[in-house]
Colleague: 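The following block contains the structure, expressed as structure tokens.
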2 protein chains.
Amino acid sequence: MKDNSVYKRSHNACLDLIRSHATGALLGSEPSLAQFLEVSRTTVRTILSSLAAAGILHVEGREKRVLRHPYDDEYFPVTETESSAELVERKFMELILKGDLKPGSMINTLELARQFAVSTSAIREYLSGFNRFGLIAKRPNSSWVFQGFTRAFALELSDIRELFELKSIEVFAERVGTEQGRRKLKELKTAHIDLLDRVETDYHNFSALDESFHRAINDASQNRFIREFYDVISLIFHYHFQWNKIDERERNEVAIHEHLAIMEALEVGDIRQARKAAAHHLESARKTLLRSIRDA
Amino acid sequence: MKDNSVYKRSHNACLDLIRSHATGALLGSEPSLAQFLEVSRTTVRTILSSLAAAGILHVEGREKRVLRHPYDDEYFPVTETESSAELVERKFMELILKGDLKPGSMINTLELARQFAVSTSAIREYLSGFNRFGLIAKRPNSSWVFQGFTRAFALELSDIRELFELKSIEVFAERVGTEQGRRKLKELKTAHIDLLDRVETDYHNFSALDESFHRAINDASQNRFIREFYDVISLIFHYHFQWNKIDERERNEVAIHEHLAIMEALEVGDIRQARKAAAHHLESARKTLLRSIRDA
DNA sequence: CAAGTGTGCTTTACCGATAATAGACAGAAA
DNA sequence: TTTCTGTCTATTATCGGTAAAGCACACTTG
């Protein structure tokens, strides 16, 4: 059966929304709330009923009036807002990156299902999707094999990344000629300069900025395979650096400067220099990834 | 529940094996049969029992003697040797390539399950794996959307293919320096020349040869992402050209010559020429794919 | 008449169960 | 001592069912 994590997550988001309203204010229509919360009207209506029952909203006809702000204990705990699939992803990545799973070892779906407290179907489905990350392989009618977060993996991943991103940056460079492209570049550059000012304290925010910078470049390629591949990169970096915090501040500061070098070259239309700066940055990224890998 | 298609397929393969033996001959051990048939010993033992019961083999202790050759009607029909997953793949590709599924239309898993006579789980799992082919997209908690086998798709696919294959051919060229590489090249070249001789009648055999040629090149890259991507290419071409037979003989003959041009350049170690020939061949492949797409 | 709501019907996400298949281990044969 | 077989256990592939969530359509309301 399906759990109601979608409802619980949206319920929490809706409580946040209510807190941003004054008591007595009115919420928008059901369709507008549905769009805001990114769920169906059915879910919105379920939430509205429960909020009305809790005395947080007065709901009658089109009127959805805020009666009071919610208490903290009226939020659902975060653990309940996670869908089965999300839980599996999180736990599985932890398993890999904490090194509990040794390269070459078999993955037992039944065992994982027990360990994660989900059904084997959930595990099975996750693994078949995770397959594209190149870290596991399947033998028919038998189990999955974890191939290891190895040096070889990091090299192969980096090779493709460089191939794709150097191609993408060419297209991105052309885009800078357009009004939209120039605006995007300016926006990214400003964000970088801002972060650089507060780098001493906010260096951990770089992760999100890094993602949007590279995502912008890769998206310019207009190629679904390149964009999809960046999902792989993104997931690997996201989880990997949650478990490897060494030198985080220095690494991030260096990366910000490298990003800025790329953007400055793009700004003045020096494509040769942009290529060079991008290649240099990707080379650093490769080294960073390799350095954090245990096996030799 | 699981069907016994593995058993049936292996049973058929085993009948073939028996036909290649004289009456009175002995089959190998269970482990050796298991390895040959690529299944577990459990399945081998099931097959042996049934063949003994049918009077085809005499099985006693280590002796597995052929009593008679099987009749044609002792083979399981091919439809029963297909696993649920394979059936779904085949039917789904037909659906796409026959054009029954319009670009932008939603894919109803329940409806497909009924249509293909499998469970929704089978469909669900197939679609989530098929996702990597870039032809469908999913909106959370809602249905998959078919994005269409469009001109854009063909272009994006071809772009990546060229990027990867031109990179791979560099590595392949180095490999030709080794004994193993030279042998592989020679083997492929001979197969091409052979097929060229009988091209008038056997042109449809090119498909398999094409696959092994490109697979050999891509495998040389030693990069799991490149190799995996060739699965996408392979599937697309495999099914696509099953439904588009126009000009097949001419296309294939031209392609054989293009392959030979690449191999001849590699043989004499002219990497520049090999690159050029490969680029030219990939360009033809791109044009062929584009020409066969309906929409403008 | 455009947008919102009420309602009922679809469809998805996920679970638990079961037959097929794989795998492990002890003892037998070569 | 190596390889094979007999037997038992573990694991996978797949199904069918159920609550949650999405969706469509008629009916209101401004």
Side-chain angles (χ1 to χ4, degrees), chain A residues 1-10 28-34 37-49 59-64 83-88 106-114 117-128 138-144, chain B residues 1-10 28-34 37-49 59-64 83-88 106-114 117-128 138-144:
Chain A
M1 270 175 300
K2 213 171 174 174
D3 63 20
N4 57 355
S5 60
V6 171
Y7 159 67
K8 287 176 174 168
R9 201 172 337 140
S10 312
S29 69
E30 290 175 3
S32 70
L33 285 169
L37 298 169
E38 299 180 288
V39 291
S40 72
R41 253 188 71 220
T42 307
T43 302
V44 169
R45 286 173 65 82
T46 311
I47 294 168
L48 291 177
S49 314
V59 179
E60 196 180 341
R62 307 202 163 184
E63 184 179 306
K64 289 172 275 293
S83 74
S84 198
E86 288 164 337
L87 177 135
V88 171
M106 296 206 193
I107 298 169
N108 183 327
T109 55
L110 202 58
E111 167 63 18
L112 281 189
R114 271 195 291 265
V118 296
S119 78
T120 52
S121 322
I123 299 289
R124 186 176 165 72
E125 175 160 1
Y126 179 70
L127 291 178
S128 74
K138 179 146 181 49
R139 287 169 309 161
N141 291 310
S142 179
S143 49
W144 291 91
Chain B
M1 274 176 294
K2 215 170 171 172
D3 64 21
N4 57 354
S5 59
V6 172
Y7 159 67
K8 288 176 174 169
R9 201 173 337 138
S10 313
S29 70
E30 290 175 4
S32 70
L33 285 170
L37 297 170
E38 299 181 286
V39 292
S40 72
R41 252 188 72 219
T42 307
T43 303
V44 168
R45 287 173 65 82
T46 312
I47 295 168
L48 291 176
S49 317
V59 178
E60 197 181 339
R62 303 201 163 185
E63 182 179 307
K64 289 171 274 291
S83 73
S84 195
E86 290 164 335
L87 178 136
V88 171
M106 295 203 193
I107 298 169
N108 184 329
T109 56
L110 202 59
E111 167 64 16
L112 281 189
R114 272 195 290 265
V118 296
S119 76
T120 52
S121 323
I123 300 288
R124 186 177 162 73
E125 175 159 4
Y126 178 71
L127 291 179
S128 74
K138 178 145 179 53
R139 287 169 308 162
N141 292 309
S142 179
S143 49
W144 291 91

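These numbers come from the heavy atoms of this one structure, side chains and all, not from hydrogens, waters or symmetry mates. Letters go in sequence order (proteins before strands), and every chain restarts at 1.
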Colleague: Of all the heavy-atom pairs spanning B:L37 and B:S10, show the shortest one and how long it is.
Modeller: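 What the structure gives for the nearest pair is CD2-O, 3.9 Å.
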Colleague: Evaluate the side-chain proximity of A:I47 to A:L33: yes if any heavy-atom separation is below 4.5 Å, no if none is.
Modeller: no
Colleague: On DNA chain D, reading 5' to 3', which nucleotide is the first and which the last to sit with an atom under 4.0 Å from a heavy atom of chain A, could you check?
Modeller: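 Contact span on the strand: D:dT11 to D:dT29.
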Colleague: Atom CZ of B:R62 and atom P of C:dG27: how far apart are they, to the nearest Å?
Modeller: 16 Å
Colleague: Quick one: list whatever passes side-chain hydrogen bond (donor to acceptor under 3.5 Å, both in side chains) with A:R9, sequence neighbours left out.
Modeller: none
Colleague: Without swapping roles, check the side chain of A:E63 against the backbone of A:E60 for a donor-acceptor pair under 3.5 Å.
Modeller: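 Not at all, since once roles are kept as given, no pair shorter than 3.5 Å links the two residues.
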Colleague: For the pair made of CZ in A:R41 and P in C:dA3, what is the distance, rounded to whole Å?
Modeller: 15 Å
Colleague: Would you give a per-nucleotide map of nucleotides 10-20 of chain C, 5' to 3', where B means the base has a protein non-hydrogen atom under 4.0 Å away, S means only the sugar-phosphate does, and - means neither?
Modeller: -SBBBBB-BBB
Colleague: With side chains defined as the heavy atoms from C-beta onward, is the minimum distance between A:S40 and A:T43 less than 4.5 Å?
Modeller: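 With C-beta onward as the side chain, the pair touches.
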Colleague: How close do B:A34 and B:R41 get, counting heavy atoms only, and between which atoms?
Modeller: CB-N, 4.0 Å
Colleague: I need the CD-C1' distance between B:E60 and C:dA28, as an integer number of Å.
Modeller: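 Result: 15 Å.
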Colleague: For B:K64, answer base if it contacts any base atom (sugar-phosphate contacts may also be present), sugar-phosphate if it contacts only those atoms, and nothing otherwise; contact means non-hydrogen atoms under 4.0 Å.
Modeller: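 Sugar-phosphate: the residue B:K64, judged by heavy atoms under 4.0 Å, touches backbone atoms but no base.
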